[in-house]
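I have placed the structure first, in the form of structure tokens, so that the comments after it can refer back to it.
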Number of protein chains: 2
Amino acid sequence: MKLSSQAQAFVLHFGEMGSRWGFNRTVGQMFALLTIHPSPLNAEQLAQALKISRGNVSMGLKELQAWRLIELHHQPGDRKDYFTAAGSIWDLARTVFEERRKRELDPTLSLLRQLLLNEPQDEQEAQAQEKIQEVYSLLELLEEFANTLSKLEHDDLLKLMKLGSGIVKLLELKSRLTGGTSSSD
Amino acid sequence: MKLSSQAQAFVLHFGEMGSRWGFNRTVGQMFALLTIHPSPLNAEQLAQALKISRGNVSMGLKELQAWRLIELHHQPGDRKDYFTAAGSIWDLARTVFEERRKRELDPTLSLLRQLLLNEPQDEQEAQAQEKIQEVYSLLELLEEFANTLSKLEHDDLLKLMKLGSGIVKLLELKSRLTGGTSSSD
DNA sequence: CTTAAGTTTCAGAAATTTCTGAAAATTGTA
DNA sequence: TACAATTTTCAGAAATTTCTGAAACTTAAG
């Protein structure tokens with residue numbers, strides 16, 4: 001388990017960025033290592049390569065499994081658990097996207113829904129309620145859009161992402177064909 | 001500065017979620033409060049409403065300014081600085097989206113670009129390089145797509161987000177008109 | 001220049017998160 | 001069943017982040 005300086009830099013960077021992506025340094029490093037390494041690795045190898053404790057590796061693997069980012073393999077005649085990144089880079093990105101949507105959007109939507117059930121007691125509360133409603137509508141729309149993107153076939157997603165400013169033309173085309181000139185959906 | 005229990009819950013929740021959105025608890029709370037409160041607030045009022053120190057408020061305001069999420073106002077005959085959330089809820093969401101793209105994507109793109117300049121020295125490095133290239137291509141595409149979305153007019157963005165599964169039909173329509181049946185852009 | 005109102009800074013305290021390592025639990029094999 | 005290999009747990013240590021509050025700084029006005 002010697003890492004090339006390439007791999008080293010890649011792994012360390014994912015450790016640094018980890019916190020911005022929702023996990024801690026060592027979890028980020030473990031994920032990066034499992035992603036660039038061509039073959040499955042066991043806990044011992046991860047601990048050794050990243051110079052962290054065995055216990056920490058165990059907790060990190062648990063978290064990566066909760067994110068559904070890694071999968072377990074077994075080598076014949078070896079009782080150790082071996083892990084690889086789960087699927088292609090695209091699969092991984094999709095999974096991170098979905099997990100983050102869940103963690104960043106859902107709890108807020110759920111709270112706001114709750115708050116909107118209350119009847120406002122005075123003018124001030126009515127105004128606050130209005131703002132809350134605005135935030136709620138926006139987040140709900142975001143959530144639905146994120147869902148739509150998640151469900152797209154790889155090909156379609158790729159096409160969409162490559163459209164660039166072509167998107168505007170396509171949207172115009174659509175309203176011309178289906179919706180008159182001005183009204184929205 | 002008495003908060004209704006509505007407002008209270010809203011503010012506290014944004015504090016909790018803050019860390020998932022890239023800022024700390026008190027910054028999240030300050031942002032939430034400036035968002036639901038109908039009029040501009042000064043540092044003293046924020047400190048008092050959130051029960052945090054004056055110094056902490058000052059640092060929080062600095063950070064919210066760095067995110068371009070709040071703006072400064074002055075009341076005639078009052079030397080204090082007053083703040084409000086910058087723009088509509090949609091403006092705010094757009095800004096958060098852009099800032100996060102910058103912070104979460106750009107540093108990684110920049111590092112990977114760097115790594116791809118090196119000539120691989122052996123088979124193992126060549127393989128790693130390939131993986132890095134895959135990650136890079138994906139993130140670059142993501143970045144461009146995020147850029148496209150950022151630049152869309154509010155109306156167009158809304159239309160796009162409301163399309164739902166209509167997106168697939170639109171993409172089909174497009175290939176039928178411009179690109180034969182299978183080829184991508 | 002002086003003063004008072006207001007803001008920012010920053011060293012250290014407090015809170016929170018992450019990490020270690022030894023002990024406990026689990027698992028496969030004989 | 002016993003046992004050895006492996007994984008998991010978790011209490012406390014270490015590291016990191018956040019927060020406080022007093023001092024330093026800035027600014028407007030007399």
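Below, chains carry the letters A, B, ... as their sequence lines are ordered, and counting in each starts from 1.
Residues from residues 30-48 of chain B placing a heavy atom under 4.0 Å of any atom in DNA chain D do not occur.
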(message) If you apply the rule side chain to side chain donor-acceptor pair (under 3.5 Å), what do you find for B:Thr108 with B:Asp106, and how did you get there?
(response) CA-CA 5 Å; B:Thr108 301; B:Asp106 291 2; over 6 Å; no
(message) For a side chain to side chain donor-acceptor pair (under 3.5 Å) check, start with the C-alpha distance between B:Ser137 and B:Gln133, then their side-chain angles and the critical distance, and finish with the verdict.
(response) CA-CA 6 Å; B:Ser137 304; B:Gln133 176 66 58; 3.1 Å; yes
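In this structure, the side chain of A:Arg54 does not engage the main chain of A:Ala43 through any donor-acceptor pair within 3.5 Å. In this structure, the side chain of B:Asp91 engages the main chain of B:Ser88 through a donor-acceptor pair within 3.5 Å. Of the possible donor and acceptor atoms, none in the side chain of A:Arg101 sits under 3.5 Å from a partner among the backbone N and O of A:Glu143.
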(message) I'd like to compare against my own output: the B/S/- annotation of nucleotides 12-21 of chain D with a strict under-4.0 Å heavy-atom distance to protein.
(response) ----S-SSBB
Mind listing the N/O atom pairs, protein and nucleotides 27-30 of chain C, below 3.5 Å?
| from | atom 1 | to | atom 2 | distance (Å) |
| --- | --- | --- | --- | --- |
| C:dT27 | O2 | A:Arg79 | NH2 | 2.8 |

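Between A:Asp156 and B:Ile167 the shortest side-chain heavy-atom distance does not fall below 4.5 Å.
Because its NZ or CZ atom is both nearer than 6.0 Å to the ring centre of B:Trp67 and within 45° of the ring axis, B:Arg103 counts as a cation-pi partner of that residue.
One finds no side-chain N or O of B:Lys62 lying less than 4.0 angstrom from the OP1 or OP2 phosphate oxygen of C:dT7.
Residue B:Lys80 contributes atom NZ, which lies 16 Å from atom P of D:dA28 at whole-angstrom precision. The nearest whole Å value for the distance from the CG atom in A:Asp78 to the C1' atom in D:dA4 is 14 Å.
The salt bridge (Lys or Arg N to Asp or Glu O under 4.0 Å) contacts involving residues 55-71 of chain A comprise A:Arg68-A:Glu98, A:Arg68-A:Glu99, where partners must be two or more places apart or lie in separate chains.
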For residues 29-42 of chain A, run the donor-acceptor check on the side chains, cut-off 3.5 Å, and write out each pair with its distance to 0.1 Å, sequence neighbours left out.
| from | atom 1 | to | atom 2 | distance (Å) |
| --- | --- | --- | --- | --- |
| A:Thr35 | OG1 | A:Phe31 | O | 2.7 |
| A:His37 | ND1 | A:Ser39 | N | 3.2 |
| A:His37 | ND1 | A:Ser39 | O | 2.9 |
| A:His37 | ND1 | A:Ser39 | OG | 3.4 |
| A:Asn42 | OD1 | A:Glu44 | N | 3.0 |
| A:Asn42 | OD1 | A:Gln45 | N | 2.8 |
| A:Asn42 | ND2 | A:Tyr82 | OH | 3.3 |

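The ring-ring contact (aromatic ring centres under 6.0 Å, His included) check on A:Phe83 picks up nothing, with sequence neighbours excluded.
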